[in-house]
Amino acid sequence: MNELDLIELILRETSAYVKAKYAGRTRLRVQEKNGANDLLTEVDVAAQSQIVNRISKSFPTDTVIAEEEGLDQHPDTPPSRCWVIDPIDGTQNFLRGLFPAFAISIAFVRNGEISAAGIAMPVTQDLYLAERNCGATRNTQPLQVSPHGELGRARVEVDFSVPEDREATLESLGQVIHAAGQLRCEGSAAVALCAVAAAEAEAYVHVGLSPWDYAAGQLIVEEAGGTASRLDGSPLALFDGKEGILISNGAVHSALLGHLSAAREPAPAPE
Ligand code: IPD
Ligand code: CA
Ligand code: CA
């Protein structure tokens, strides 16, 4: 079984498990991770261990990087074979019953380059898959990003994240918020990135994400014809220690970069 087939198999199994748990979400054990706005449920932990165990059975020597259970260390140099996992992206939505806005995200990364990826949305059982140079699909149907390039008519997915990131978000995104035609905040990077890949939005921007939040979504958007970069336009590398990302249909990318860089320029000196 190749890596993409394994991703699909795992996502189908784990998605069924998470869907069943979603039905009984009010009875789950919930902990605060880094404060009241960063929650962890028993389902995040159990789903991650199901995924990790299944990968280890097929590829026992591969590196696994995942959000929970101490597997969240970024490597100094990208491992030759590594898996990047978010067992539930959008835990807040999962707990509050906001579906389908939470997802399971798995990427396979070879020497730092994402080469296969999948995202599953448990409630709808939608499955997004991509393999480098082979395109992206939703439920086997090919995906293509939107061709729209006019920012004033574009839908931009933003995310305000946790309170500690709000100031940076307002500073970086202030101009984007004024310039975009429509704004939307999903509360799940993976779900928002699938929307870009499926031409339901033109771009997604976030000031502080970890690799497991966007690795799979990045490849799915790129294989649907989109573009990914850091907020300064530099290439998006998973383990470079930076956190801001801009992932778009390509057509609105440079306009958005212009607004993001304008936000970083110092105000002109008074005359
Ligand atoms: C979060 C979601 C959210 C983003 C946060 C992430 P989690 O992931 O993707 O949209 O704003 O920065 O941490 O905690 O639900 O896996
Ligand atoms: Ca996440
Ligand atoms: Ca998570």
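Atom set for the values below is all heavy atoms of this structure, side chains included, hydrogens, waters and symmetry mates excluded. On a predicted model such as this, the values are computed, not experimentally measured, just so you know. Remember, it's 1-based here, ligands and their atoms both numbered in the order they're listed.
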Quick check on R166: does its CZ atom have over 12 non-hydrogen neighbours (other residues, nucleotides or ligands) under 6.0 Å away?
yes
Check the surroundings of atom CG in D76: do more than 12 heavy atoms from other residues, nucleotides or ligands lie under 6.0 Å from it?
no
Sub-4.0 Å atoms of ligand 1 with respect to non-hydrogen atoms of G187:
2 (C), 3 (C), 10 (O)
Number the atoms of ligand 1 from 1 as they appear, then name those within less than 4.0 Å of a heavy atom of D86, with their elements.
16 (O)
Within-cut-off N or O pair, L209 and ligand 1, under 3.5 Å
no
Is any N or O atom of D38, backbone or side chain, closer than 3.5 Å to an N or O atom of ligand 1?
no
Report the part of A189 (side chain from C-beta onward, or backbone N, CA, C, O) that has a heavy atom under 4.0 Å from ligand 1; answer both or neither where that applies.
both
From the Ca ion (ligand 2) out to just under 3.0 Å, does an N/O/S atom of D89 turn up?
yes
Looking only at protein heavy atoms, which one is nearest to [atom], and how far off is it?
atom                    : value
atom 14 (O) of ligand 1 : E67 OE2, 3.9 Å
atom 10 (O) of ligand 1 : D159 OD2, 2.5 Å
atom 4 (C) of ligand 1  : H206 NE2, 3.5 Å
atom 6 (C) of ligand 1  : D213 OD1, 3.9 Å
atom 15 (O) of ligand 1 : G90 N, 2.7 Å
atom 2 (C) of ligand 1  : D89 OD1, 3.6 Å

How far apart are the C-alpha atoms of R155 and E157, what are their side-chain angles, what is the distance that settles it, and do they pass the salt bridge (Lys or Arg N to Asp or Glu O under 4.0 Å) test?
CA-CA 7 Å; R155 170 178 282 190; E157 299 271 0; 5.3 Å; no
Do the side chains of R153 and E202 get close enough for a salt bridge, i.e. N-O under 4.0 angstrom?
no
Closer than 4.0 angstrom, basic N to acidic O: yes or no for R138 and E200?
yes
Of all N, O or S atoms in D86, identify the one at the shortest distance from the Ca ion (ligand 3).
OD1
By atom name, which N, O or S atom of E67 is the nearest to the Ca ion (ligand 3)?
OE1
Under a heavy-atom criterion of less than 4.0 Å, does D165 contact ligand 1?
no
Side-chain ([X]) to main-chain ([Y]) donor-acceptor, under 3.5 angstrom:
X    : Y    : result
N139 : L127 : yes
E42  : L28  : no
N249 : S146 : yes

Do the ring planes of F102 and F94 sit parallel (below 30°), tilted (30 to 60°) or perpendicular (above 60°)?
perpendicular
Under 3.0 Å: N/O/S of I88 next to the Ca ion (ligand 3):
yes
Would you say Y22 ends up clustered with M121 if hydrophobic residues are merged whenever their side chains have heavy atoms under 4.5 Å apart, either directly or through other cluster members?
no
Side chains of R230 and D240: closer than 4.5 Å at any heavy-atom pair?
yes
What N/O/S atom of D213 is the closest to the Ca ion (ligand 2)?
OD1
